[in-house]
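What follows is a single structure, written as structure tokens, with notes after it.
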Amino acid sequence: GVGSIGKTALMWIAISGVAGALSWLFQFRALQLGEASKVAPIDKLSMPLGIILAVLILGERPSVVNWGGIGLIVVGAYLAALK
């Protein structure tokens, strides 16, 4: 049950919710100000950023195949942003 979740975990869940909501607000504002073809690739970089933070903060160790996929996401975002 929810009652068994610790206060620290609930705090991180709340922070995650606030960060997610802010992310959507910033993305919608960016779409109002710029072209979707330039906003979307930047949005897609959130996954590699999250993985890098997981490596640095949580000590996770993605495999070589995982790093290859992360690299492909970054390259794809770059290519999508080109004119």
Side-chain angles (χ1 to χ4, degrees):
V2 177
S4 65
I5 298 174
K7 290 181 181 180
T8 304
L10 284 174
M11 177 193 69
W12 285 112
I13 291 169
I15 290 171
S16 174
V18 169
L22 287 173
S23 171
W24 278 99
L25 290 173
F26 289 136
Q27 183 174 357
F28 287 135
R29 181 65 178 148
L31 286 170
Q32 286 177 336
L33 298 174
E35 302 171 27
S37 63
K38 293 186 177 159
V39 173
I42 294 171
D43 176 53
K44 297 306 171 210
L45 292 175
S46 63
M47 183 182 169
L49 177 62
I51 294 169
I52 290 170
L53 289 174
V55 168
L56 295 175
I57 297 171
L58 302 175
E60 293 190 14
R61 296 291 169 236
S63 69
V64 173
V65 173
N66 297 140
W67 282 115
I70 296 162
L72 288 172
I73 293 170
V74 171
V75 170
Y78 173 75
L79 293 174
L82 293 176
K83 286 188 175 183

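Side chains included, hydrogens not; waters and symmetry mates left out as well; all remaining heavy atoms used.
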Same cluster or not: are Trp24 and Leu31 linked, directly or through other Ile, Leu, Val, Met, Phe, Trp or Tyr residues, by side-chain heavy atoms under 4.5 angstrom apart? yes
Side-chain heavy atoms under 4.5 angstrom apart, residues restricted to Ile, Leu, Val, Met, Phe, Trp, Tyr: same cluster for Ile70 and Tyr78? no
What's the shortest heavy-atom distance between Pro62 and Ile51, and which atoms? CG-CG2, 4.0 Å
Could you state whether Leu58 and Leu53 fall into the same hydrophobic cluster, counting links through intermediate Ile, Leu, Val, Met, Phe, Trp or Tyr residues with side-chain heavy atoms under 4.5 angstrom apart? yes
Verify same cluster id: Leu49, Ile57 (apolar side-chain graph, 4.5 Å): yes
Please name the pair of heavy atoms, one in Val74 and one in Leu45, separated by the smallest distance, quoted to 0.1 Å. CA-CD2, 4.0 Å
Within residues 44-65 or reaching into it, pairs that qualify as side-chain hydrogen bond (donor to acceptor under 3.5 Å, both in side chains) - sequence neighbours excluded: Ser63-Asn66
Atom pair CD1 (Ile13) and OG1 (Thr8), whose distance is rounded to the nearest 0.5 Å: 11.0 Å
For Trp67, does the CH2 atom sit with more than 12 other heavy atoms under 6.0 Å from it, leaving out its own atoms? yes
Please give me the minimum heavy-atom distance between Ala77 and Pro41, naming the atom from each residue. O-CB, 3.3 Å
With heavy-atom distances below 4.5 Å as the criterion, would you say the side chains of Leu79 and Leu82 are in contact? yes
Contacts of Phe26 meeting ring pair (Phe, Tyr, Trp, His ring centres under 6.0 Å) (sequence neighbours excluded), chain-then-number -> none
Between Ile73 and Pro48, the two heavy atoms sitting closest are CG2-CG, 3.7 Å
